[in-house]
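A note on names: the letters A, B, ... follow the listed sequences, proteins ahead of strands, and every chain is numbered from 1. All values reported here derive from a predicted model rather than from experimental measurement. Below, all heavy atoms of this structure are taken into account, side chains as well, without hydrogens, waters or symmetry copies.
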2 protein chains.
Amino acid sequence: MNTELSSVFQVKAKHSQNPPVEDTKGGALRADARRNRERLLVAAHAVFSERGADASLNDVAKRAEVGIGTLYRHFESREALLAATCDEHLLTLAKKSRERSEALPALEALRLFLTELVHSAGLYKGLAASLGIVLKNHTAGCDATTAEGQRLLEAAQREGEVRSDIRLDDVVCMAMAISLAAAEDASDPKRVPRLTGMFFDGLRSRTEPRGARQR
Amino acid sequence: MNTELSSVFQVKAKHSQNPPVEDTKGGALRADARRNRERLLVAAHAVFSERGADASLNDVAKRAEVGIGTLYRHFESREALLAATCDEHLLTLAKKSRERSEALPALEALRLFLTELVHSAGLYKGLAASLGIVLKNHTAGCDATTAEGQRLLEAAQREGEVRSDIRLDDVVCMAMAISLAAAEDASDPKRVPRLTGMFFDGLRSRTEPRGARQR
DNA sequence: ATTCAACCGGAGCAACCCTCCGTTTAGTAA
DNA sequence: TTACTAAACGGAGGGTTGCTCCGGTTGAAT
């Protein structure tokens with residue numbers, strides 16, 4: 001029936017059986033389980049790449065040569081699968097950001113972070129729409145990028161470069177919007193940088209930053 | 001199969017039969033057709049209100065006590081139905097905006113327009129995700145709000161208050177993002193005004209507006 | 001070798017979308 | 001009134017997808 005929920009954002013509360021599977025955590029998986037999990041990730045990446053983030057999960061299972069039940073046992077929702085599939089990507093995103101941020105002004109580091117987040121949202125067609133939920137899965141990559149984003153945001157705020165009332169969610173929301181817009185109309189290649197710049201300016205404090213020097 | 005398309009934004013290219021039905025245009029409809037169309041609109045509003053914008057269209061037809069075929073004959077897609085359902089709302093939105101804009105600075109008028117657009121995107125749960133497509137349906141209301149938005153945007157740009165490279169689509173995209181974010185996490189009631197303010201600041205020129213007086 | 005918890009697989013049910021086409025009806029002309 | 005036809009109706013049905021359930025299989029520990 002499903003009389004409520006429907007927004008792109010909502011997390012569906014389903015699944016009740018199935019022993020936890022440990023998944024993300026240590027190597028407590030049986031050999032066959034681990035093998036299947038890996039096949040699923042590879043297949044998911046392939047299918048999502050060519051059909052978009054809302055491709056049929058049956059297709060993913062088929063491509064992995066695994067039963068659909070196995071898929072759902074390992075990943076309790078499409079978003080969880082997406083998160084796992086993007087995990088590596090997000091992990092390196094966070095790492096790279098952390099590295100370069102040492103030699104960069106806080107504001108610039110944050111801008112680059114946003115830019116890459118936008119880019120990541122376009123990894124699979126249609127991924128942008130669920131980026132918010134995906135990032136909330138506590139995967140290594142998701143947690144890392146979330147933490148990194150939070151760190152950069154706070155740094156920029158501490159320096160007075162960014163409004164103090166902004167939350168990380170707001171930044172993610174911006175990334176989603178930009179990526180969504182880009183997907184809507186790919187005919188204008190300058191749209192992404194334009195929107196990125198525009199939204200980013202919205203973040204900035206309207207008062208002088210701590211270090212003076214404002215346009 | 002459907003090997004491509006999937007983004008929330010994409011318009012599905014379907015339907016080929018069915019005489020045009022005139023729908024939007026003058027009273028060329030047969031009496032029973034007009035009656036059914038009206039019932040469908042009422043039913044759609046009810047169903048969308050309680051189940052969200054992605055409720056089952058079968059339910060809509062059922063509630064209207066009409067065959068599903070009749071629904072599709074009158075509205076060739078979910079978005080078309082949504083557009084028709086919101087038509088009145090959008091029409092008065094445009095009209096009110098036009099009226100009050102005469103006594104307001106261009107920038108302020110645009111800000112109010114954006115605020116109301118955000119609000120409209122929340123009319124039905126999940127509507128925000130398709131607001132972009134919906135507005136592209138050439139309904140009286142959609143055309144009116146689009147025109148009004150364009151008018152306000154250009155006015156603000158002419159006065160040098162808003163970046164000249166912004167397009168109306170960008171503004172709509174902002175509205176979607178904000179409304180989406182609001183739906184994601186309703187626990188923070190100040191989020192909408194915060195995001196609106198933030199995004200709106202992004203629109204603004206960084207150079208002095210024509211009439212001097214900045215900030 | 002035995003045992004059993006963990007794991008697998010896919011049949012199957014429930015929804016949904018959208019089309020197709022036989023039937024009904026509104027409106028009109030005779 | 002009647003007869004006629006284009007317009008409109010309705011819903012069965014084919015095609016997808018999501019997700020669950022449970023009988024069977026297997027890894028690995030003893």
Side-chain angles (χ1 to χ4, degrees), chain A residues 1-6 10-23 27-40 43-44 47-48 51-82 126, chain B residues 1-6 10-23 27-40 43 47 51-82 126:
Chain A
M1 209 73 0
N2 215 340
T3 101
E4 14 63 283
L5 61 86
S6 51
Q10 242 123 7
V11 189
K12 310 191 182 145
K14 302 176 178 176
H15 293 274
S16 45
Q17 20 85 270
N18 289 344
V21 165
E22 303 268 347
D23 262 6
L29 288 188
R30 232 168 66 171
D32 52 347
R34 170 153 42 230
R35 180 167 32 90
N36 281 336
R37 187 173 196 279
E38 216 49 52
R39 302 180 66 130
L40 277 166
V47 171
F48 288 152
R51 305 243 239 269
D54 48 4
S56 160
L57 294 190
N58 277 299
D59 286 355
V60 173
K62 227 172 277 172
R63 165 98 61 143
E65 293 179 291
V66 144
I68 183 66
T70 302
L71 187 152
Y72 278 101
R73 196 171 318 105
H74 281 286
F75 306 99
E76 68 167 8
S77 66
R78 160 177 253 103
E79 286 76 23
L81 178 54
L82 278 169
Chain B
M1 209 72 3
N2 214 341
T3 100
E4 13 63 285
L5 58 88
S6 51
Q10 244 122 7
V11 190
K12 308 186 185 151
K14 300 176 181 177
H15 292 275
S16 47
Q17 20 85 272
N18 287 345
V21 166
E22 305 270 344
D23 263 6
L29 289 188
R30 232 168 67 172
D32 52 348
R34 169 152 44 229
R35 180 167 32 88
N36 280 338
R37 187 173 196 279
E38 216 50 51
R39 301 179 69 131
L40 278 166
V47 172
R51 307 244 237 271
D54 48 4
S56 160
L57 295 190
N58 276 299
D59 285 356
V60 173
K62 227 172 278 172
R63 165 99 61 143
E65 294 179 290
V66 142
I68 184 66
T70 300
L71 186 153
Y72 278 100
R73 196 172 316 105
H74 281 285
F75 307 98
E76 69 168 8
S77 67
R78 161 177 252 104
E79 286 77 22
L81 178 55
L82 278 169

Which nucleotide in the list [options] gets nearest to the side chain of [X]?
X       : options               : answer
B:Tyr72 : D:dG18, D:dA8, C:dC17 : C:dC17
B:Asn58 : D:dC9, C:dC18, D:dT20 : C:dC18
B:Val66 : D:dA8, D:dG10, C:dG9  : D:dG10

Rounded interatomic separation in angstrom, taking [atom1] from [X] and [atom2] from [N]:
X       : N      : atom1 : atom2 : result
A:Arg39 : C:dC7  : CZ    : P     : 17 Å
B:Leu57 : D:dG11 : CG    : C1'   : 15 Å
B:Leu81 : C:dC18 : CG    : P     : 12 Å
A:Arg73 : C:dA6  : CZ    : C1'   : 9 Å
B:Lys62 : D:dA12 : NZ    : C1'   : 13 Å
B:Leu40 : D:dC9  : CG    : C1'   : 11 Å
A:Asp59 : D:dG18 : CG    : C1'   : 12 Å
B:Leu71 : C:dC16 : CG    : P     : 14 Å

Between A:Leu71 and A:Leu57 the two heavy atoms that sit nearest each other are CD1-O, 3.5 Å
Closest heavy-atom pair, B:Val60 versus B:Ala43, reported as atoms and distance to 0.1 Å, is O-CB, 3.6 Å
| Side chains of B:Leu40 and B:Arg37: does their closest heavy-atom pair fall under 4.5 Å? |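 B:Leu40 does not reach B:Arg37 side chain to side chain.
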Contact string for nucleotides 24-30 of chain C, one letter per nucleotide 5' to 3', B = base within protein heavy-atom range under 4.0 Å, S = sugar-phosphate only, - = neither, reads -BSS---
At less than 4.0 Å, is any side-chain N or O atom of [X] found next to OP1 or OP2 of [N]? Yes or no.
X       : N     : result
A:Thr70 : C:dG9 : yes
A:His74 : C:dC7 : no
B:Asn36 : D:dC9 : yes

Check: Looking at CD1 of B:Ile68 and NZ of B:Lys62, how far apart are the two atoms once the value is rounded to the nearest 0.5 Å?
Finding: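 Atom-to-atom, B:Ile68:CD1 and B:Lys62:NZ are 9.0 Å apart.
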Residues at least two apart in sequence or cross-chain that pass side chain to side chain contact (heavy atoms under 4.5 Å, CB included) with A:Ala33, listed by chain then number, are A:Leu29, A:Arg30, A:His74
